[in-house]
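FYI, the numbering just counts along the sequence from 1.
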Amino acid sequence: MGLRTFPGEELSRRMGSMDVGPLSPGTRQRLLQGQAGSLPAPSSSSAVVIFISSTISDMDTEREALQCTAYPEVQSFCQRHGLAFEVVDLRWGIPNTQATDYLTTELCLEELERCQKTSIGPAFVALLGDQYGPCPVPRRIEEKEWEALRAQLTSRPRDLELVTRHFQRDDNTIPPTYVLQPSGSLVVPGPEEATLTSVLRGGAQEAWRLGLISQEQWMCYHRSVIEWEIELGLLNSARGDQGATVFLRDVQDLNKHILDDCSLKMVDRLADGCLDTNAQSLLSGLKGRILDAQPGALKSHHLSWSRDLVNPKNKAHARYLKQLSEQFVARTNHQVLEQLRELELARQELGWLYQEIRHHLWQSTESTKVFCGHQELLAQLRQRLRQDESRTHTPLVLFGPPGIGKTSLMCKLAQQVPELLGHKTVVVLRLLGTSKLSLDARSLLRSLSFQVCLAYGLPLPPAQVLEAHSRVGHFFHTLLHTVSRRNFESLVLLLDSVDDLDSICHSPRVSWLPLKCPPRVHLILSTCSGQQVLHNLQQTLKDPSTYWEVKALSGSQGQEFIQLLLAAERRMLSPGQRDVLWASLPECGHPGRLRLAFEEARKWASFTVPVPLATTAEEATHQLCIRLEETHGALLVAHVLGYIVSSRYGLSEAELKDVLSLDDEVLQAVYRDWTPPSKELLRFPPLLWVRLRRDLGHCLVRRPVDGCMLLAIAHRQLSQVIQVRYLSGPERAKRHGVLAEFFSGAWSQGIKKLITLPLVGKPLNLDRKVAPQPLWFSSTVANLRKLTELPFHLLHAGRLEELKQEVLGNMSWISCRGISGGIEVLLDDFDMCAPHMDSPEVDLVREAIQLCGPAVELRGLEKSVLYTELLARLLFFAASHPAMIGQLCQQAQSWFRACPYPMLVPLAGFLQPPGGPLRATLTGCHKGITAIAWSLEEKLLVVGTQDGAMVVWDVEEQQVVHVLMGHTAEVKCVRVFAQGTLAISASKDHTLRLWSLLSGQEKVTILDGGSQNPTEPQSWDLHVDERNNVVYSTSGARINMWNLETSKLVFCITGDVSDPWVCVALLAAQGLLLALSKGGQVSLWSSAMGKLQEKHQLSSIKEETPTCAVSIQSRARLVAGFSSGSIALVSAGEDRLLEKLPEAVGFLVVSEDDSLLVAGEEQDCLDTSNEVRCLEVAEQAKLLFTGLVSGIVLVFPLNSRQDVLCIPPPEARKAVNCMSLSKSENRLAIAYDNIVLVLDISPGDPCPAIEGPTYTFYTQLPETIVSVAVLADYRVVYGMSDGSLFLYDCACSKVFPLEAHGSRVSCVEVSHSEQLAVSGAEDALLCLWDLQACRGMFEMSYENSCCRGVRCACFSRDDKHVFAGMEDRSVTAWSTVDGTLLAVQFVHAVINRIIPTSNGFMAPTSHGYLIRERFQCPSVRASQQDPLKNFKKAVWLVKTRQREELAAAEASQDAEPVAVEGKESKSNKRSQVCLIL
């Protein structure tokens, strides 16, 4: 089936689909059922991550050229395709000593592997020149290899002593290894250290020759870092040249000058400064291997030798650098596109969902790799699940302090459940907060619903459900009951860490949580103790057996846990180290604290003398921070961790490196001892971050959000310590300030930022080369990271005015956020900011956005819809609030002026404004609302639906509080009582259900036993007698009285099926039940016993049927409304007529003091003495013509309240049906049922004179005239009630029939030139007519799923366009040139008249507003313009009459005469379909 993606998740869906690739049907089914299988770790990255490999100083100029020109171009290209871009150049910005450190080599290879795993397309680029680079000493040598090397060095004691001094045995690794010691830790640094590499090389050479070590082990001593990187990144890569490139710089004639001093800087040299011929030989061999194995990856650049090496000021060198950059851009972009094409081919429907499931199942597998303890709790949970399998039960909640092991317990339980329940079981696991789709309840319920539907083969959620969070919640509750009713399958939902859901943290009610689980459906939650979330759950789920505490492990289990962790890492501890560890953790069973201790202990080598560890988790966390500060610097650690914790959902590595490059304090600390490598740009050295990230280890977690893999703090305890340690006082605002600068793009796209570095001493204005931050990367790709993070950081940085102007008061930001994420996400941002801003403008804008909901649901969220909606609501306040709302309106108007498509542009406010009576449109019931009741005391709205669900809304928060599931058929009536705390509902399933509105629990179920005859006429009502605690239910011809405490039937009253009761009232003061039947019979019974007291027929009302009623308790009366407009007062002994209305009474309302409330508004009015049927205004003559039901036409001057002329009807009591003025206002046509009068209007003083009728004609048809238009030359166009349309020429008394509509003609209008006419009908058809040729030009139709039909129409002043008001509360604009639909605008109200203006039209609405709009139509329309874009089930088409006639004429030339009529008649049914959606 075709699915519409829900807003804001398009990117995650697209990239998720790409990553999953082609999964087999069996694999997909296993994923849906919650079986992890053996799938590899998922990668939700949508990034291009390129590792840059080069020697330390040989390619500095090339690397800087790429930084300045190539990287920004590739970044822009990637962003346009929805991809992040990151360059990993670990040798940039650091001194040579750090770049050649053995740990740096290890980190480089680890980073290269990360790039290959996460990058889409290219992952490796090598810049290869004339240096081979140093060969690093291995950091670790296994025991067996060490013994082989030692054997070769025994004969050389000095060499052996040198090696043993640099390496120390570590017995804590399995197997034991020898570890290279940092140079600073050596007791006696020897002068021979420089020869360590050559000594090891010699030993390895001899050991390899003797077969004691493998060739791979031998290579560890004979390869430079760049060869290791090229080997891993290209030569051994499965993707080969598809993901890698080597740019080779070949300096011609270098060998001739190789011994020159300037040339020696470009090549490898020995310690004494001489040429390293061995390195040059290895370099030559490496180049040859690349050429032989991957020639397609090698891109050579030939450069003439010169003494100034590579100098950008040299023209030839500058040309080379430009070519290098261009080739890098072209090659990288090509590789990205090729990979995107491959991924698109492998893409499968709903790949985003499989990616989400894989993510949580893989996290679950990782979490339970080491599992210890909690066996007793697991057994108890398994027993409880078995007990609940066949009964209705409450969800289960596991709680405990942070780090106690709740997540691993939930994951373990998820793995054991399928075997436990013994039949087909679907397990749905979500580790909340670890992915974008599990961060908020809205996204969570959507993904859960999709997985459950697919797992059980049920229909997926329809588009209208996905558009509103409340509907998704309703659908989810219904879905659980649907699964339960299947009777042979079980469903287990495990939601870990519900306190990590955004919505649950800020709301006292957990609206999406089912209060009762039906049989075979289980819901298990976990949350932290001592948190507000647990308190909220306890207020919702009252049963104590719901809650299960997760306690700490025993002391022995804690030691076992540590041993298991060490074994998994292939490590051990010495006895002394174990003693220190256990002494630091006496009887500790807290898994979080044990893991922190393990992270410290795993770093201990056997020769390490450990210090005592902290005894509490908080102390251990502080200890970790201290160790990181000592290793990496206090300021760097504080800022890095501060930025990660301050971010809304985390930061990607590229974002973090950019943010650090904007942090002047960090850069000043980094470049305290050396200067940056470039004079043009300044960046944070990536190596420093990679080192810190490695030491953070398991403290960081990666979560896929907005198509990026974000880094976040893994442990809540660590986050709290970071906030206390690094984000107290002004530091918090500083971190948010820098993050706000980054996400706003303040220092991107070449904007330089001043800084003073310690070794320079003067301010430098340098480009930080951070990623640009536009709102849109392309027309379809939004900058989701900016949209998510920027308002959050501006708010917490205290930059409220900037937040107000650049975000909340910026139309571009509002539209981008709404289009990419949806109205609800946009409102979430306003809700986040508004409480911190004392700004009525922000509140008005927020409410205006909320009021856009119905239009967005109808048309989808696109710019034209949002701009029109907001402009038509906010223009009311543009003058009173110019700073924010006035600016918003100006921005919207500017967008309309620049829009290349035809547009209807509001010139004044005409939609319901914010701050008015309409507060919100609640859309929580996709099956249709059938009953409604207020709980005024608790400010709740209770709604009953067609599918039996009850939805309870908090009208203040405008959020769903409860979804009450119980009824299995349509809810017909709801009553609220007990000061708004209880509700009782009646349903077609013949049950009454009593609900607590505070807890959402069902209290009582009563089987009402109504009529089983579906054809029997039924009325449904409930009356609650709180004093006696009973309820009276009426259904069909039956009244039942039920005791609410015992659920027992007190009495039953049956009536006459042939004359069913229409309304029943409880008159509590008199102890009576009063019923009024369809035939007008009044019956009274005792409300206590059900005994008949009286029965009589209505005396005041004859031949009318009751339609509605309301009781007046204080007077013991019933007020009833009837089908012909009568309103009667009915009591025990009498009835009398109160009022007579013109139409049927639809509803009656009684006020709190039991007096009828008649709502109305006194208007300035003209006395016509009769009902007005139609109006016409002569603008130039300033006259108002009013057609009355009596047939008289009264003429009023617009500046007077007294009529000046009365035009009598041609026949007595003939009502005026319609009137029309000619465009020159010199003719007036008055139409009755079958008569038309044409009168002349001539100038006069003091007012124009009306003469005639000049012409009178009769239609001679049984149908009546319903619309008319008159021309200056006395021609009249009129439409009939059956759809017939005629042109009558009064001067020659001729009638010209025009082709009939299929239904009643609702309007006829003539163009200003009187050459054209347009007619509209109730069948949604607009016809454009050529009045000179008396033939049709176009048939134009527009209809959608809501309703169809044309209400009114008019021509634009230049006759190029037709504007039409439609039954579906929209306005359409059409071209008279080709019949094309140009624009559609939803105006929320019916309009009965459209009046053209110089640049658009005016139209009064049924809501009392006056629409004033400008129609903007470019002279050349864009070919791809789609006026029904995003409309749901909307269609327009145009039928061109000229083409049909031409086709018929051509066909008649080649056809037999007999066949001509058939072809002509058939051709009238053909159409040209321009667009169908």
[X] side chain vs [Y] backbone, donor-acceptor pair below 3.5 Å:
X	Y	result
Ser1370	Met1366	no
Glu1314	Ala1272	yes
Gln891	Met811	yes
Ser1220	Ala1229	no
Ser1306	Gly1320	yes
Arg1275	Leu1331	yes
Lys1223	Val1310	yes
Glu1225	Glu1179	yes
Asp1359	Ser1311	no
Arg873	Leu851	yes

Gln1332, CD atom: more than 12 neighbouring heavy atoms under 6.0 Å: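 Yes - once you tally the heavy atoms of other residues, nucleotides and ligands closer than 6.0 Å, there are more than 12.
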Atom pair [atom1] ([X]) and [atom2] ([Y]), whose distance is rounded to the nearest 0.5 Å:
X	Y	atom1	atom2	answer
Leu1325	Ser1319	CG	OG	7.0 Å
Glu1413	Asn1399	CD	CG	10.5 Å
Trp895	Thr868	CH2	OG1	7.0 Å
Arg1369	Gln1385	CZ	CD	14.0 Å
Leu911	Thr1405	CG	OG1	8.5 Å
Trp776	Ser812	CH2	OG	10.5 Å

Option among Tyr901, Phe896, Trp1374, Phe1363 that satisfies the ring pair (Phe, Tyr, Trp, His ring centres under 6.0 Å) test with Phe1415: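 Single pass found, and it is Phe1363.
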Quick check: closest heavy atoms across [X] and [Y], and the distance to 0.1 Å?
X	Y	result
Cys1290	Val1276	SG-CG2, 4.1 Å
Leu844	Ile885	CD1-CD1, 3.8 Å
Phe876	Pro913	CD1-CB, 3.5 Å
Val845	Ile814	CG1-CD1, 4.1 Å
Tyr1342	Val1384	OH-CG1, 3.9 Å
Met1219	Gly1187	CE-N, 3.6 Å

Candidate pair Gln893 and Arg897, rule side chain to side chain donor-acceptor pair (under 3.5 Å), full reasoning: CA-CA 6 Å; Gln893 290 162 342; Arg897 283 193 292 270; 4.9 Å; no
State, yes or no, whether a side-chain contact exists between [X] and [Y] at a heavy-atom distance under 4.5 Å.
X	Y	result
Tyr867	Leu871	no
Leu870	Ile849	yes
Phe1185	Ile1230	no
His1312	Pro1396	yes
Val1236	Tyr1288	no
Cys1417	Leu1382	yes
Met1340	Leu1381	no
Met1280	Ile1265	yes

Reference residue Phe1338; test side chain to side chain contact (heavy atoms under 4.5 Å, CB included); the match among Val1318, Thr1380, Leu1326, Leu1328: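 For Phe1338, the side chain to side chain contact (heavy atoms under 4.5 Å, CB included) test succeeds with only one of Val1318, Thr1380, Leu1326, Leu1328, which is Leu1328.
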Option among Tyr1278, Phe1296, Trp1329 that satisfies the side chain to side chain contact (heavy atoms under 4.5 Å, CB included) test with Leu1285: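 For Leu1285, the side chain to side chain contact (heavy atoms under 4.5 Å, CB included) test succeeds with only one of Tyr1278, Phe1296, Trp1329, which is Trp1329.
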Pair Val1371-Ile1391, side chain to side chain contact (heavy atoms under 4.5 Å, CB included): steps then yes or no: CA-CA 9 Å; Val1371 176; Ile1391 57 177; 3.5 Å; yes
Residue pair Thr1397, Leu907: steps toward the side chain to side chain contact (heavy atoms under 4.5 Å, CB included) verdict: CA-CA 12 Å; Thr1397 61; Leu907 298 177; 6.0 Å; no
Side chain to side chain contact (heavy atoms under 4.5 Å, CB included) assessment of Phe1401 paired with Ile1395: CA-CA 5 Å; Phe1401 64 86; Ile1395 305 156; over 6 Å; no
Check ion pair Arg1393-Glu1176 (N to O, under 4.0 angstrom): yes
Working for side chain to side chain contact (heavy atoms under 4.5 Å, CB included), residues Val1266 and Asn1217: CA-CA 6 Å; Val1266 291; Asn1217 287 349; 5.7 Å; no
Cation-aromatic face contact Arg1412/Phe910, 6.0 Å, 45 degrees: no
